[in-house]
Amino acid sequence: MKWLKINTVLLVAVLFFWMPSSQADTQFRVIVDASGSMLISDPDKLTSEALRLISNLAPEEKATLGIWLFGEKPRVLLPEAIVNKANKVKLASYVDSYVTQDLKTDLEAIVKLLLDTPDSGNLEPGFNRHWILVTDGMVDISLDDAVNKASRDRILNELTANLEERGIHLHTISMTGYTDKALLESLSLRTNATHTEVAIPEDLLDTFDRIFTQASPSNELPFDGNRFVVDDAIKELTLVVFHENGIQPHIIKPDGTLLSLVSNKNVLVSASNHYTLVTVRSPDSGAWQVNNVDLERSSIRVITDLSAKATQIAPVIFQNEPIYSTVALFQKDSIIKDDKILNLLSVEQTLVRLSGEQKETVLSHQMDRANDQFKQRLEGIVEPGNYELISRIDGKTFTRQLSQFFTVHPAINFEGTNPSGNLVAFSAKPVNLKLNMLRSNVKLEFTYRNGTTEIEEMPLVGQGYWEKIIPVSANDNVKVRAHLIGFTQTGLRFEYWTPIWHFNRQGNEVPSVGLEDVASLGKILIPVASSSKDVMPVLVPPSVSVVSEVEESTRSEVDVKEESTVESTTDMVLDEASNLSKNEWILYVALNVGGILVIAGGIFLYRRIKKNKSIKRDNLDDV
C-alpha cells in the first residue's frame, strides 16, 4: 500500500507541473465619483483615460480589475475580472460612456459595497489589494449636517478599521481643492496608501501610473535626454509615454528606422489621447530615440534576467524615520557575487519630492558597496508630501533603474481642544498601525510667559492614543508642543517634534486653544533640543542626511532570498500509507490510472508536434 500512496503523490506533483498555473497577484478596484460636478472637474474625461491606462499597464493574467461608480447610489461599471485582451476591450467600450450626473456622493455606501463584494478572478493566496478612489467632493448624503457627520464618522472608524484588517491599500485622489482632504488623507494613511491632490486633470494619468508602479514595481531603463540604450539581456520593453492630445510619438530604432505604431506579433500598441503604451518583444540592442513626448513623465519598463532589486520601502514613512536602502544585481533569481562585474557597477540614488507637475530633487548620492550589495541610510525627511526614490545602476555596458514611491507624514496627529469649563485637552493619535504604541512615548513641553519651560509625560489612553487634560488658571498664556520618541513595528527608532500650539485664558472666560501662527514664533522663543534629530518643522527647512556605513548587524534589508527550502512530506505519507481504507485504495488506483493516461497522452502529443517540426525543418533545408 505504501508504494501506491507515494506513487499517487508523485503523479499529482507531475500533473501540477504539466497543468497551466497562472494566478493573479494583485487586485485593482477603482471607485469613481459619478456626481455632476465631475463634468466641471474633469471636462475632458481624463478619468476614463486613467482607467484604460491601469488596465493597459497590468500584465495580462497577473491582475484583476473592477470599476465602480458612486453618487446617490453605488453601481458597478465593470465587474471585477482577470485582466486580459477581452476585458481590456470591454473596459474601453464602457469607460467612455458612463454618465456623471448624480447630485449626492455617498462614499459610505460604496465602501460598504466593496467590502461585501467577494473577490473575483483567479487570485493567488496572499495577493495584494490596491483600491483607488477618485472624487471631487465630500460626504453630502443629506441636507442635514448631522447626518453627513455621522456617515463620515462611520467611514473613519468602522469602515477604515475593516480596510486595515483586510490589508487593503486605499489610494485616494482629490480632483479639486473642495474635497474633504482630512477624510481622504486619513483613509490613505491608515491603509498604507497614497493621497494625491490633482492640480490639473492631466495629472490624474501620472497619479495612476505612480500607483501602479507602487503596487507592481519593475526594472526600468533610464532616459539620457531623449535616448535610452537597450542591452542584450532585455527580453521585452514597454514604453509609457505621455504627450499632448493629437500628437503621435516618434520612436526611432537603433538602425535609424521609425518604429511603426501598429500592433503586430512583436509590437503591441495601446494609444489614447494623452498617452501611448508601446510594448516591444525582443527589442534590437543599441541606442533608441523618442520624440514628441514629455520625457519627464515617461518611463521604460523592461523584462530581463539581468535585473536590480532593492529593499522594499513602506508606502508611508514617518517624518524623521530612517530609510534603510539596499540595492543588488541579480541574474535570474541569483544575486551576482562576481567581483569583476561588481567592481564595474556604480549605484546612485536620487530623492525627488513630487508636487503636482513640479519635481524637486532633494538629494543625489552614490551608494557604497558592502560585500555583494550597495547600501545607504537616509535620515531627516521632515517635509510631508509624496516622494520618489530613484536607484540607478550603471554597469558600463548596461543600465537599470528602480523607482519607489512613498508618502512622508508625521507619525502622530497632535491637536488641542476645550472639552469643558476651564480645561484644555491635548491628544496625540497615531496615523496608522505602523507605529508601535507600547514602545513609543510622547512628552509635552510647556513654555510659559516668563520663558520658563516644563516637561510632562503624556499618558497613553489604553492602546489607542495619548492624551493630557490640563486645568487653565486665569490669565494663563502657554505654548506647548509634543516630542515623540517613536518606534515602528519593525523596531526602527526616530524622533519628532510637533508644531507649536498655544492656550490662554482671559480672566474667568473659557480658555482658547489653537495652532500657533508661524509669524508669531518670535514673541516667545521655543528652545530646540541639542540632538540633530530634534527638528521642529516650522523653524528648520527640510534636510536629508545620508549615512553610508551600515553595520552588518542591522535588520535584514533586502527582501529577496537566494535559496528556499521546502518541507518534505515523505515521512507523513509513509506514516499514513498503512492505514488505507477500501474506498481510499480505489481512489488512489483511479488517480494513478488517470495520471498515467494523461501523461501518456501528453507524451504522444509532444512526439507528434516534434515530428511535425522535424518535417518542416526538412522542407526548409530542401529550399
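When a residue number appears, it is its place in the shown sequence, counting from 1.
- Between Asp44 atom CG and Asn245 atom CG the span is 7.5 Å, to the nearest 0.5 Å.
- Minimum heavy-atom separation, Pro430 to Leu435: CB-CD2, 3.9 Å.
- Side-chain contact between Val30 and Phe208 is present, with at least one heavy-atom pair separated by less than 4.5 Å.
- For His171 and His195, the ring centers are positioned 6.0 Å apart or more.
- Asp106 and Lys112 are not joined by a salt bridge, as no carboxylate oxygen comes within less than 4.0 angstrom of a charged side-chain nitrogen.
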Determine, step by step, whether Thr135 and Phe70 satisfy the side chain to side chain contact (heavy atoms under 4.5 Å, CB included) criterion, reporting the C-alpha distance in whole Å, the side-chain angles of both residues, the deciding distance to 0.1 Å, and the verdict.
CA-CA 9 Å; Thr135 182; Phe70 77 102; 4.0 Å; yes
Intermediate values then yes/no, side chain to side chain contact (heavy atoms under 4.5 Å, CB included), Asn436 and Thr488:
CA-CA 5 Å; Asn436 189 326; Thr488 66; over 6 Å; no
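- A salt bridge links Glu197 with Lys181; the closest basic N to acidic carboxylate O contact falls under 4.0 Å.
- Closest approach of Ser186 to Leu156, counting heavy atoms only: OG-CD2, 3.5 Å.
- Side-chain contact, Ser391 with Gln401: no donor N or O sits under 3.5 Å from an acceptor N or O.
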Asn148/Ser142 under side chain to side chain donor-acceptor pair (under 3.5 Å): CA gap, chis, key distance, verdict:
CA-CA 6 Å; Asn148 293 330; Ser142 171; 5.1 Å; no
Salt bridge (charged side-chain N to carboxylate O under 4.0 Å, His left out) assessment of Arg154 paired with Glu108
CA-CA 8 Å; Arg154 287 192 294 270; Glu108 180 186 6; 2.6 Å; yes
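- Arg281 places a side-chain N or O within donor-acceptor distance of the main-chain N or O of Lys265, the cut-off being under 3.5 Å.
- Between Leu170 and Ser188, the shortest heavy-atom distance links the atoms O-OG, 3.0 Å.
- Annotation for Leu261 and Pro249: closest pair CD1-O, 3.5 Å, computed over non-hydrogen atoms.
- A donor-acceptor contact shorter than 3.5 Å is absent between the side chain of Asn413 and the backbone of Ala428.
- In this structure the side chain of Asp42 reaches within 4.5 angstrom of the side chain of Met175, judged on heavy atoms.
- The 12-atom threshold is exceeded at CD of Glu124, counting heavy atoms of other residues, nucleotides or ligands nearer than 6.0 Å.
- Summarising the geometry, atom NE2 belonging to His274 is positioned 7.5 Å from atom CG belonging to Leu205; distances are rounded to the nearest 0.5 Å.
- For Lys85, the side-chain hydrogen bond (donor to acceptor under 3.5 Å, both in side chains) test picks out Glu60, with sequence neighbours left out.
- Shown here is Lys73, whose NZ atom has no more than 12 heavy atoms of other residues, nucleotides or ligands within 6.0 Å.
- Taking 4.5 Å as the limit, some side-chain heavy atom of Tyr387 sits within range of a side-chain heavy atom of Leu351.
- Using modelled atom types, no side-chain atom of Asp25 and backbone atom of Phe127 make a donor-acceptor pair closer than 3.5 Å.
- Between the side chain of Thr407 and the backbone N or O of Val316 there is no donor-acceptor pair closer than 3.5 Å.
- Remark: side-chain polar atoms of Thr498 are not paired, donor with acceptor, to backbone N or O of Phe414 under 3.5 angstrom.
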Start with the C-alpha distance between Ser216 and Thr26, add both sets of side-chain angles, then the distance that settles side chain to side chain donor-acceptor pair (under 3.5 Å), and finish with yes or no.
CA-CA 8 Å; Ser216 183; Thr26 308; 5.4 Å; no
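- Contact check on Glu185 versus Arg190 returns no salt bridge, with no Lys/Arg side-chain nitrogen under 4.0 Å from an Asp/Glu carboxylate oxygen.
- Counting only residues at least two apart or in different chains, side chain to side chain donor-acceptor pair (under 3.5 Å) contacts with residues 199-208 comprise Asp206-Arg297.
- With Asn84 contributing its side chain and Glu61 its backbone, the two residues share no donor-acceptor pair below 3.5 Å.
- The aromatic rings of Phe318 and Phe494 sit tilted, their planes meeting at an angle between 30° and 60°.
- Thr194 contributes atom OG1, which lies 7.0 Å from atom CD1 of Ile173 (distance to the nearest 0.5 angstrom).
- Tyr465 carries Lys429 over the face of its six-membered ring, with the cationic atom under 6.0 Å from the centre and within 45° of the normal.
- The line from CZ of Arg52 to NZ of Lys88 is 13.0 Å long, rounded to the nearest 0.5 Å.
- A donor-acceptor distance shorter than 3.5 angstrom exists from the side chain of Asn432 to the backbone of Leu189, with no hydrogens or angles considered.
- The shortest side-chain heavy-atom distance between Thr361 and Thr350 falls under the 4.5 Å cut-off.
- Phe212 meets the ring-ring contact (aromatic ring centres under 6.0 Å, His included) test with Phe28; sequence neighbours excluded.
- Taking the charged nitrogens against the carboxylate oxygens, Glu164 and Arg166 have no contact shorter than 4.0 Å, which rules out a salt bridge.
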Would you please test Leu460 and Met437 for side chain to side chain contact (heavy atoms under 4.5 Å, CB included) and show each step?
CA-CA 8 Å; Leu460 181 62; Met437 298 286 292; 3.5 Å; yes
Give the intermediate values and the outcome of salt bridge (charged side-chain N to carboxylate O under 4.0 Å, His left out) for residues Arg152 and Asp145.
CA-CA 10 Å; Arg152 185 180 187 275; Asp145 289 341; over 6 Å; no
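- Considering CD1 of Ile31 and CH2 of Trp68, their distance stands at 8.0 Å, rounded to 0.5 Å.
- Formation of a donor-acceptor pair under 3.5 Å by the Glu467 side chain with backbone atoms of Pro459 is not found in this model.
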Test side chain to side chain contact (heavy atoms under 4.5 Å, CB included) on Thr105 and Val139; report intermediate values, then the result.
CA-CA 6 Å; Thr105 49; Val139 177; 5.8 Å; no
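- A donor-acceptor contact shorter than 3.5 Å is absent between the side chain of Ser263 and the backbone of Leu268.
- For Gln489 (side chain) and Leu433 (main-chain N/O), a donor-acceptor pair under 3.5 Å exists by modelled atom type.
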As a quick check of understanding, evaluate side chain to side chain donor-acceptor pair (under 3.5 Å) for Gln27 and Thr64, giving each step before the final call.
CA-CA 5 Å; Gln27 176 192 69; Thr64 64; 4.8 Å; no
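- Applying the 6.0 Å contact sphere to CG of Leu143 captures no more than 12 heavy atoms from other residues, nucleotides or ligands.
- Across every non-hydrogen atom of Arg400 and Leu221, the tightest pair is NH1-CD2, 3.8 Å.
- One finds the OG atom of Ser325 at 6.5 Å from the CG atom of Leu378 (value rounded to the nearest 0.5 Å).
- The two atoms that bring Thr172 and Leu184 nearest to each other are OG1-O, 3.1 Å, heavy atoms only.
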Show, in sequence, the C-alpha distance, side-chain angles and deciding distance for Arg301 and Thr213, and conclude whether the side chain to side chain donor-acceptor pair (under 3.5 Å) test is met.
CA-CA 10 Å; Arg301 293 172 167 86; Thr213 301; 2.5 Å; yes
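- Between Tyr275 and the choices Asp294, Asn56, Asp209, the side-chain hydrogen bond (donor to acceptor under 3.5 Å, both in side chains) rule is met once, by Asn56.
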